[in-house]
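Written below as structure tokens is the structure these notes are about.
Count residues from 1 along the sequence.
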Amino acid sequence: MREALVDGHSAAARFTLHAVLRKGRRLSTQVHLFAEYGQDGRIHRVHGVTRDVTAPS
């Protein structure tokens with residue numbers, strides 16, 4: 001997790017997901033996540049934006 005921010009019933013996070021696929025290809029994806037929580041604390045709505053940040057081979 002690079003950054004996370006919580007304010008009242010809203011949260012935002014930024015992180016990079018690294019994966020190795022079955023055939024050995026490496027993949028890195030930057031994720032920006034925005035969430036809203038209901039009064040009961042459960043996630044009510046989520047919006048996410050991703051982009052490929054895999055280094056060129």
Practice item. Dump the intermediate steps for side chain to side chain contact (heavy atoms under 4.5 Å, CB included) on H9 and H44, then the final yes or no. Key: CA-CA 10 Å; H9 293 286; H44 174 70; over 6 Å; no
**Study point:** Donor-acceptor contact below 3.5 Å, side chain T54 vs main chain S28
**Key:** yes
**Study point:** Minimal non-hydrogen separation, A11 against Y37, with atom names
**Key:** CB-CE1, 3.6 Å
Review point. With a cut-off of 6.0 Å (strictly less than), are more than 12 heavy atoms of other residues, nucleotides or ligands near CG of D7?
Key: no
**Study point:** Sub-4.5 Å side-chain heavy-atom contact between H47 and H32
**Key:** no
Check your understanding: Quick one: does R45's side chain get under 4.5 Å of E36's, heavy atoms only?
Key -> yes
Check your understanding: Nearest 0.5 Å, what's the CD-CG distance between Q30 and L17?
Key -> 11.5 Å
Point to revise | Student check: side-chain heavy atoms of V53 and T16 closer than 4.5 Å | key: yes
Practice item. Supply the atom-to-atom distance T50 OG1 to L33 CG, rounded to the nearest 0.5 angstrom. Key: 11.0 Å
Check your understanding: Looking at V20 and R26, what are the two nearest heavy atoms and their distance?
Key -> CG2-NH1, 3.5 Å
